Amino acid sequence: MESFISTGLINSEWSSVFAVGIGGAIGFVLESSGFSSSRKVAGTFYGYDFTSLRVFLMAGITSLIGLLYMDFFGWIDFFSFNIPDTYIWPTLLGSIFMGVGFVASGFCPGTSILSAAIGKLDGWIFIGSTMVGIFLFTILFPLLEPIYNAGNLGAITITDVLGLSSYVYAFIVTLIVIALFYLATLIRRRKTTVKY
Amino acid sequence: MNLFFEEKKHVYWNPYFGGFLLGIIILSAVYISGRSIGAGEAMKDTVVASIDMVAPHYTENSNFAAGQKDAEKSPMNSWIVFQVIGVFAGAFFSGILNNRVKVRLQKFPKISSKTRITWVIIGGLLFGIGSQFARGCISSSTFSGFIVLSLGGIISMVTVFVTAIIAAYFFRKLWV
Amino acid sequence: MKRSYYILSIVFVGIAFGLLFLPQYKVKQGINPEILLQQLNDPTRIIGIDEVAERMITKDPTLLLVDVRLSWDFEDFSLPGAIHIPLTEIVFAANEGNLTHPHKDIVFYSNGDITANQARAIALQHGVTNSYVLEGGLNNWFTSIIMATPPTETATEVEYEQYMFRRSVAVYFGMAIPNKAKGSATTKKELVPLVKANDKKESIEEEGC
């Protein structure tokens, strides 16, 4: 992917400044939307608060549609993105781990940083234990390597699998996401505002 | 300032507005840097960097750590670590503005602090291991699933969500 | 409140629906100018005549020589195995994919002027990345290989080897012009042991003579 930084139009020393700037914007928006609260995030799975689902899906369709239009106008090259290889078995295994961990703690690494930033101790504990988990993985890597590299399907995309053009795919995803938004309002429990 | 925000202490933005803004930020991040978002990678970089600091020979011998370690520069210099520093600062700023900064342990009122801490630690360990297997945590798989349309990202996103809904039943005492 | 959500979702669906009607072609941007400039000035684009000659003799299948001169020049003299695409037709050849050989090194050459570089620049803009330019073109080939001058007596062994190699190449392709140097007794005496070092080359030399 060619961008300002990789082509050298922005000096590489400035890239870290941009990184902090973009990170700051993301942090501000996510915190203001309520991602710093583990109870709010966990609410998605118990039907009392769908904020995190809404924010993420909304960001997803906005950026997907936006990127396709930007690609059409030639500002970026959508098809030059580095598509990560799909390793089917470790992805499934790891995602199951993450799904359980998500409900057990109410955090994902991103939201734990938000929580930690506004002084929540559980956020700090989560960051620490995640790092311990990564450390354990690194130590046990020789044992886990066969699983880690199992089932490489190569750099395939969902549009390859479905045989759709990315424009059609984006349209279908938008419809699904809006249906999900509507579904979320239907099944949200009529609870009084929870104080997090 | 506090006077102004006092009323809105627990009022968050409209989720659709927040999501739209986040989408715009992701677009500009892609336009400027061509990189994804994801905090898991930053934590991994930090772990690799700290292993490197404590035991330099270990990262050279371990395939995994060596593979993650950029040969030329310290992992601490990578874009994603700076981005996480930014996320931290941005969240703190937002917390200050909305009067939400307070040192405390957030939990469901009916569980003890000890239970909460135990499950947070277990969740963190599972996340640490799981995010390495899946080659990215939720935010990066959402990114790669939605934006580069990677099959792995979408599988990861859906699996996390389905597993979490199933697991939610077993963990219901913790939250509701 | 509720009505505004309906309006918003209709707007979003509308924008996404618009994607379906985008034409499938894109605004063609071609290669980024910065990168193009960098690749145009890449010093490794120049490929030496000795390397090309060696790969021609070993019948390296990954070598594709492209003569970009005018057709009468090509008919007059060209390198064996070269294909002829004049500079004016490079753009068509590249667009039709005739230059797209991912496993081949495409070597453009002309008479040693700028034409080969121009051809490479056009090819680069049309996605041909694995292209090279023959060092000095055919003029260099002619002076260095066909008219190879024997090194002076003080020359190093490397220079002798290079001379012998070039001489052999010229003979191998039947381009050798018997030059004055062959009559020189001193050089010939010294050349013999060098030739014997490589049996194959010796036989080539004998055939040619």
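All of these numbers come straight from a predicted model, not from anything done at the bench. Letters A, B, ... are given to chains in the order of the sequence lines, protein chains preceding strands, and every chain is numbered from 1.
- Inspection of the A/S112 and A/S115 side chains reveals no N or O donor paired with an N or O acceptor under 3.5 Å.
- Taking the six-membered ring for Trp and the full ring otherwise, the centers of A/Y148 and A/F141 sit less than 6.0 Å from each other.
- With respect to chain B, the highest number of heavy-atom pairs below 4.5 Å among A/T86, A/I61, A/L92, A/I118 belongs to A/I118.
- Note on B/A134, B/A89, B/S113, B/S94: by heavy-atom pairs under 4.5 Å with chain A, the leading option is B/S94.
- A ring-centre distance under 6.0 Å is found for B/F88 and A/W124.
- Heavy atoms closer than 4.5 Å to chain B are found nowhere in A/T111, neither backbone nor side chain.
- Counting heavy-atom pairs closer than 4.5 Å to chain B, the top-ranked of the candidates A/F35, A/F181, A/F107, A/W89 is A/F181.
- Among B/F17, B/F127, B/F108, B/Y169, the residue making the largest number of heavy-atom pairs under 4.5 Å with chain A is B/F127.
- Between A/F102 and A/F45, a ring centre-to-centre spacing shorter than 6.0 Å is recorded.
- Among the candidates A/L144, A/V103, A/T51, the residue making the largest number of heavy-atom pairs closer than 4.5 Å to chain B is A/V103.
- Side chains of A/T159 and A/S166: no donor on one and acceptor on the other come within 3.5 Å.
- Contacts with chain A were tallied for B/A167, B/A164, B/G18; B/A164 has the most, counting heavy-atom pairs under 4.5 Å.
- Between chain A and the options B/L105, B/I85, B/T118, the largest number of non-hydrogen pairs under 4.5 Å is found for B/L105.
- A/I88 touches chain B through its side chain: at least one heavy atom from C-beta onward sits under 4.5 Å away, while N, CA, C and O do not.
- Taking the ring centre of B/F170 as origin, the terminal cationic atom of B/R172 falls outside the region bounded by 6.0 Å and 45° from the ring axis.
- A donor-acceptor pair shorter than 3.5 Å can be found between the side chains of A/S52 and A/T44.
- In this structure, a donor-acceptor pair under 3.5 Å is present between the side chains of A/S38 and B/R116.
- Of the two parts of A/L30, only the side chain, counted from C-beta on, holds a non-hydrogen atom closer than 4.5 Å to a non-hydrogen atom of chain B.
- Only the side chain of B/L174 comes within contact range of chain A, judged by heavy atoms closer than 4.5 Å.
- Residue A/V29 touches chain B through both its backbone and its side chain, counting heavy-atom pairs closer than 4.5 Å.
- Under a cut-off of 6.0 angstrom, the local environment of CZ in B/F93 is sparse, with at most 12 non-hydrogen atoms contributed by other residues, nucleotides or ligands.
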(message) Set out, in order, the CA-CA distance, both residues' side-chain angles and the distance that settles side-chain contact (heavy atoms from CB on, under 4.5 Å) for A/T185 and A/R54, then state yes or no.
(response) CA-CA 10 Å; A/T185 53; A/R54 288 197 180 108; 3.3 Å; yes
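- Comparing A/P90, A/G101, A/S32, A/G94 by how many heavy-atom pairs each has under 4.5 Å with chain B, the most go to A/S32.
- Both the backbone and the side chain of A/A25 have a heavy atom closer than 4.5 Å to some heavy atom of chain B.
- With respect to chain A, the highest number of heavy-atom pairs below 4.5 Å among B/V87, B/I25, B/I121, B/I155 belongs to B/V87.
- Heavy atoms of A/Y169 lying under 4.5 Å from chain B belong exclusively to its side chain.
- Proximity to chain B (any heavy atom under 4.5 Å) is shown, for A/A170, by neither the backbone nor the side chain.
- Ring centers of B/W175 and A/Y48: at least 6.0 Å apart, outside the cut-off.
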